[in-house]
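A short write-up of the structure that comes next.
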Amino acid sequence: MKKNQELDRNLITKVLGGNSSAFKTIIENTQGLVIQIIYRMIRNTEDREDLAQEVYLKVYSNLSKFKYNSKLSTWIGSITYNTCLNYLEKKKLPIQDINDNDAMDPWEIIGNDLVGNDTNPSESYIFNKERSQILEIEIEKLSPIYKTIITLFHKEELSYGEISKITNLPEGTLKNYLFRARKKLRMNLLVHYKKEDL
Amino acid sequence: MKTVHLNDNDIQQYTFDFVNCGDIIIEHINSCKQCKNVSENYQLLSKEIKVQAEPELAFNLADLVMEKLPAPITQKPSKDYTLSLSIIIGIGVLVLMLYGFKSNLINLIEIKNISTYFIIALGVFVSGLFSIDMIRSYNKKINIINFS
C-alpha cells in the first residue's frame, strides 16, 4: 500500500514537473479499472471510447488537485464514475433500476421444494452451462450502478472503502446495494434459466 | 439456533462479510443444508464473476490520450496569491471596522451583566459552526465540480 502510494507520488511529481510521458504510465496502470467502470455504466461502444479519453484528459488537467487522500487509481475511478453518471444524466438514461423488486425473497421465488433439496439442480445446472456467457447476459441486465459495484467488488476485488470513495456512496448504502444487486442477479439466473433448462 | 431459514441478506453477510457476521447466523448456516446451499451458490457466483473476461477497447487508449494532451501542466501559484490577497483584504476590513466601532465595543465590554457575555459567546460559537459547515460544503461542491 505504502509502496503504491510512493509510486503514485513519484509519477504525479514527474507529470507536474512537465514530464508528460509519466502520464502514460499512469494510464497504463489504471486503465483496467477505468474501462471496467465505463463498460458497466455505458452501453454505447462509441461513447465508451470517447468517455475513456475524456476521463484521462480530466485526470491530466486536475492532477495538481489530487490530495493523496486515497490511492491514485481510486481517485481516477471516482472521476470515471462521475463522468459516466453525468453522461447518463445528460442522455436521460436510467441510473438505477426502478423495477428493483426488493420484496422478493429467494425462498418465495424458487419455492422451498426446489431449494430444499440437498443439491439445488437448477442452480448447479446454470453454473455448469455456458456459465460466463449466461452470467454476462444477466449482469448486463442489471442497472448501471449495480453492474458497476458488483464488478468492482467481485472482479476488481476492491474494498468497501475504495468502492465507497469511487461511487461517493456511504458504506452502509453501498453494502445494501451490493446485497440487492447479488440477490437480483441470482434470482434472474434462477427465474430465467430454471424452467427451460430443467 | 434459528428454526426458520435465514433471509438473503444474512446469507450474503455470512458469505461475503463473515467478520461482521453474528454467531446466530454462523450457527444456523453450519447446521442448515438449505441455507448453506444458497451461501455456496453465492460463492460460486462470486467466483464466476471473478473469471469473467476483461473488457477491452479497440484502440490503444494511452497512445490516443497522449496525442490529445494539452501543454505540460504545472502547479498554479497564482491561485495562492489570490487567496492570500483575499485574506489580507479581509483582515484589513476587520481592523478598520474594529477601529470605527471602537467606542461601542469598549462600552460593550464594560457591561457587567454576565448574560450579555453568555449571549455574545453563544453567537460567536454558532457563527463559528456555521462558518465551518459553509467551508465544508463549499469544498465538497468544488470537488464534485472538478470531477464532473
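Sequence lines set the chain letters: A, B, ... in the order given, protein chains first and strands last, and positions in each chain run from 1.
For the side chain to side chain contact (heavy atoms under 4.5 Å, CB included) with B/Q12, the qualifying choice from A/K175, A/R180, A/R182 is A/R182, the only one to do so.
Contacts of B/F16 with chain A are made by both backbone and side-chain atoms, with heavy-atom separations under 4.5 Å. Neither the backbone nor the side chain of A/Y81 comes within contact range of chain B; no heavy atom of the residue lies under 4.5 Å from a heavy atom of that chain. For A/F179, the parts lying under 4.5 angstrom from a heavy atom of chain B are both the backbone and the side chain. Contact annotation for A/E156: only side-chain heavy atoms (C-beta onward) come within less than 4.5 Å of a heavy atom of chain B. With a threshold of 4.5 angstrom between heavy atoms, A/L178 approaches chain B through N, CA, C or O but not through any side-chain atom. The parts of B/Q13 that come within reach of chain A are both its backbone and its side chain, each placing non-hydrogen atoms under 4.5 angstrom from that chain.
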- [ ] Report the C-alpha distance between A/R186 and B/D8 in whole Å, list the side-chain angles of each, state the deciding distance to 0.1 Å, and finish with yes or no for side-chain contact (heavy atoms from CB on, under 4.5 Å).
- [x] CA-CA 11 Å; A/R186 181 168 163 266; B/D8 201 75; 3.8 Å; yes

Open item on the list: Pair A/I38, B/L57 - check side-chain contact (heavy atoms from CB on, under 4.5 Å), show working.
Closed with: CA-CA 11 Å; A/I38 291 174; B/L57 293 173; over 6 Å; no

TODO: Start with the C-alpha gap between B/D17 and A/Y160, add the side-chain angles, then the distance that decides, and say whether side-chain contact (heavy atoms from CB on, under 4.5 Å) holds.
DONE: CA-CA 10 Å; B/D17 197 11; A/Y160 289 121; 4.2 Å; yes

Open item on the list: Working note: B/Y42 + A/K183, criterion side-chain contact (heavy atoms from CB on, under 4.5 Å); need CA distance, chi angles, decisive distance, verdict.
Closed with: CA-CA 9 Å; B/Y42 270 123; A/K183 182 175 169 181; 3.9 Å; yes

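No single ILVMFWY cluster, assembled from side-chain heavy atoms under 4.5 Å apart, contains both A/I139 and B/V51. Placement of B/I91 and B/Y99 in two distinct hydrophobic clusters is found when ILVMFWY residues are connected by side-chain heavy-atom separations under 4.5 Å, directly or transitively. Both B/F18 and B/I11 are part of a single hydrophobic cluster, where members link through side-chain heavy atoms under 4.5 Å apart.
Rounding to the nearest 0.5 angstrom, the gap separating the CG atom in A/L135 from the NZ atom in B/K47 is 14.0 Å. One distance of note links OH of A/Y56 with CG of B/L64; it measures 13.0 Å at 0.5 Å rounding. Separation of atoms CD (B/E48) and CG (A/L189) is listed at 10.0 Å; rounding is to 0.5 Å. Atoms CG and CD1, from B/L45 and A/I150 in turn, are 7.0 Å apart once rounded to the nearest 0.5 Å. Once rounded to the nearest 0.5 Å, the distance linking CG of B/D63 with CD1 of A/I27 reads 8.5 Å. In this structure, B/N60 CG and A/K24 NZ are separated by 6.5 Å, a value rounded to the nearest 0.5 Å.
When all heavy atoms are compared, the tightest approach of A/Q31 to B/A62 is OE1-N, 4.4 Å. When all heavy atoms of B/L69 and A/S20 are compared, the closest pair comes out as CD1-CB, 4.4 Å. The nearest pair of heavy atoms linking B/M66 to A/S21 is CE-CA, 3.9 Å. Minimum interatomic distance between B/F59 and A/Q53 (heavy atoms only, all atoms of both residues): CZ-NE2, 3.9 Å.
For CD of A/E89, the number of neighbouring non-hydrogen atoms (other residues, nucleotides, ligands) closer than 6.0 Å is greater than 12. More than 12 heavy atoms of other residues, nucleotides or ligands lie within 6.0 Å of OH in A/Y68, so this atom counts as buried by the packing criterion.
A heavy-atom distance below 4.5 Å is not found between the side chains of A/F153 and B/I49.
Near-neighbour residues of residues 126-134 of chain B relative to chain A, defined by a heavy atom under 4.5 Å from a heavy atom of that chain, are none.
Checking side-chain atoms of A/K155 against main-chain N and O of B/Q52 turns up a donor-acceptor pair under 3.5 Å.
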